[in-house]
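Chain identifiers are assigned alphabetically (A, B, ...) following the order of the sequence lines, protein sequences preceding nucleic acid strands; residue numbering begins at 1 within each chain. What you see is a predicted model; the values in this text were computed from it and never measured. Because only heavy atoms are used, hydrogens play no part in the values below, and waters and symmetry mates are left out as well, while side chains stay in.
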There are 2 protein chains.
Amino acid sequence: MNIGEVAAETGMTAKSIRYYEQVGLVAPAARGQNNYRAYGAREIAELRFVHRARSLGFSVKDVADLLALWRDRSRASQQVHAMAVAHMAAIEQKIASLETMKATLQTLLRRCHNNDRPDCPILDDLAR
Amino acid sequence: MNIGEVAAETGMTAKSIRYYEQVGLVAPAARGQNNYRAYGAREIAELRFVHRARSLGFSVKDVADLLALWRDRSRASQQVHAMAVAHMAAIEQKIASLETMKATLQTLLRRCHNNDRPDCPILDDLAR
DNA sequence: CTTTACCTTCCCGTAAGGGGATAGTTTATG
DNA sequence: CATAAACTATCCCCTTACGGGAAGGTAAAG
């Protein structure tokens, strides 16, 4: 399969796939006589794994570690669990930070008259 | 006041302050005979505004717009309101995205045995 | 045969600063 | 007073995870 077909099938972009190869996340793809990258079922499965892990918010670096664990038949599930827990914590922290912003914005929005007069509690608050 | 004092007082870093000046978010600070940036109450208030807006998650570009509105005595509060609403929407989208990740991770974590055996539902899921 | 659709590599740009080198200033200390 | 510690200045590279787009080769379609 060519890179475009893989992209279409996995939902990633060709750019991303090349990028993952470039940074060493996945091994360089085999090349056809036309120098096109040629993917087999195994490589596609790996890319799918990468895509799914990325969609869960894991960094490329983390995905590299997850891939290594995946390939290691003798890993302990604890190791994966620990990574997931750490990632969860990071996500929860981001959510908390965003929730704080959201709450503040909500308060400000409620106070703003939202009309054509210049008086604006939002700006007043930012300037406090 | 020197940049370090301003930084300490506002909670920003000197690097950030220089950066904001560099990208034109705030006007270049006046310089003393030693070439040090010298800040007055007015500039500090502006930097405080910037810092507060940034802490609410507004991008530097957005902060520039907010600053412009702040300086414009004849702005309509609608304009500020609209920016805040748009920003709120963006925040809510980020939260929703993170919540989705969190939910998936939670499910996976519950299923993982978290022991020294290799069997791992998390990896299995990523590979599905 | 030519157009269109892929593919290749390469290089630039992003957001918002952080890190660190080098050099001049100012302040604190012995 | 001399020197060392603490600031400040500019400058340049690094980060994340690709997207955009150029230049040029290849393949499939009309």
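Look at NZ on B:K61: it is 19 Å from C1' on C:dG17, rounded to the nearest Å. A:I3 places its CD1 atom 13 Å from the C1' atom of D:dC18, with the value rounded to the nearest Å. Between the P atom of D:dC11 and the CD atom of B:E21 lies a distance of 12 Å, rounded to the nearest Å. Rounded to whole Å, the distance from CE on A:M12 to C1' on D:dA17 is 11 Å. When the C1' atom of C:dC10 is taken as reference, atom CD of A:Q22 falls 10 Å away, rounded to whole Å. In this entry the distance linking CZ of A:F58 with P of D:dT16 reads 17 Å, nearest Å. In this entry the distance linking OH of A:Y19 with P of C:dC12 reads 17 Å, nearest Å. The nearest whole Å value for the distance from the OH atom in B:Y39 to the P atom in D:dC7 is 16 Å.
A distance-only check finds a donor-acceptor pair linking the side chain of B:H51 to the backbone of B:T10 [under 3.5 Å]. Side-chain atoms of B:R111 do not come within 3.5 Å of backbone N or O of B:L108 as any donor-acceptor pair. A donor-acceptor distance shorter than 3.5 angstrom exists from the side chain of B:H87 to the backbone of B:L56, with no hydrogens or angles considered.
Classification of A:R128 and A:D124 as a salt-bridged pair fails, no side-chain N sitting under 4.0 Å from a carboxylate O. Checked for salt-bridge contact, A:E21 and A:R37 meet the test: a charged N lies under 4.0 Å from a carboxylate O.
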Under 4.0 Å protein heavy-atom contact, by nucleotide of nucleotides 24-30 of chain D - B base, S sugar-phosphate only: -BBS---
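For the pair B:R54 and C:dG17, the criterion of a side-chain N or O lying under 4.0 Å from OP1 or OP2 is met. For D:dT10, the OP1/OP2 oxygens have a side-chain nitrogen or oxygen of B:R37 closer than 4.0 Å. Considering only side-chain N and O atoms, A:S16 lies nowhere under 4.0 angstrom from the phosphate OP1 or OP2 of D:dA17. For B:T13 and C:dG17, the shortest distance from a side-chain N or O to OP1 or OP2 is not below 4.0 Å. Regarding contacts with the backbone of D:dT16, every side-chain N or O of A:S59 stays at 4.0 angstrom or more from both OP1 and OP2.
If A:N35 and B:V60 are placed on DNA chain C by their nearest nucleotide, the residue sitting closer to the 5' end is A:N35.
In the model, B:T13 has a side-chain atom that pairs as donor or acceptor with a side-chain atom of B:S16 under 3.5 Å. Side-chain N/O atoms of A:T104 and A:T107 include no donor and acceptor closer than 3.5 Å.
Residue B:L25 holds its CG atom at 11.5 Å from CD1 of B:I17, rounded to the nearest 0.5 Å.
Base engagement by A:R18 is indicated by at least one non-hydrogen atom pair under 4.0 Å involving a base atom.
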Between protein and nucleotides 20-23 of chain C, what N or O pairs are separated by less than 3.5 Å?
unit_1	atom_1	unit_2	atom_2	d
C:dG20	O6	B:K15	NZ	2.6

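Under the side chain to side chain contact (heavy atoms under 4.5 Å, CB included) rule, B:L126 has a single partner from A:V63, A:V50, A:L66, which is A:L66.
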Run the salt bridge (Lys or Arg N to Asp or Glu O under 4.0 Å) test on B:R71 and B:E46 for me, step by step, so that the C-alpha distance in whole Å, both residues' side-chain angles and the decisive distance to 0.1 Å come before the verdict. CA-CA 10 Å; B:R71 294 195 196 98; B:E46 213 166 74; 3.5 Å; yes
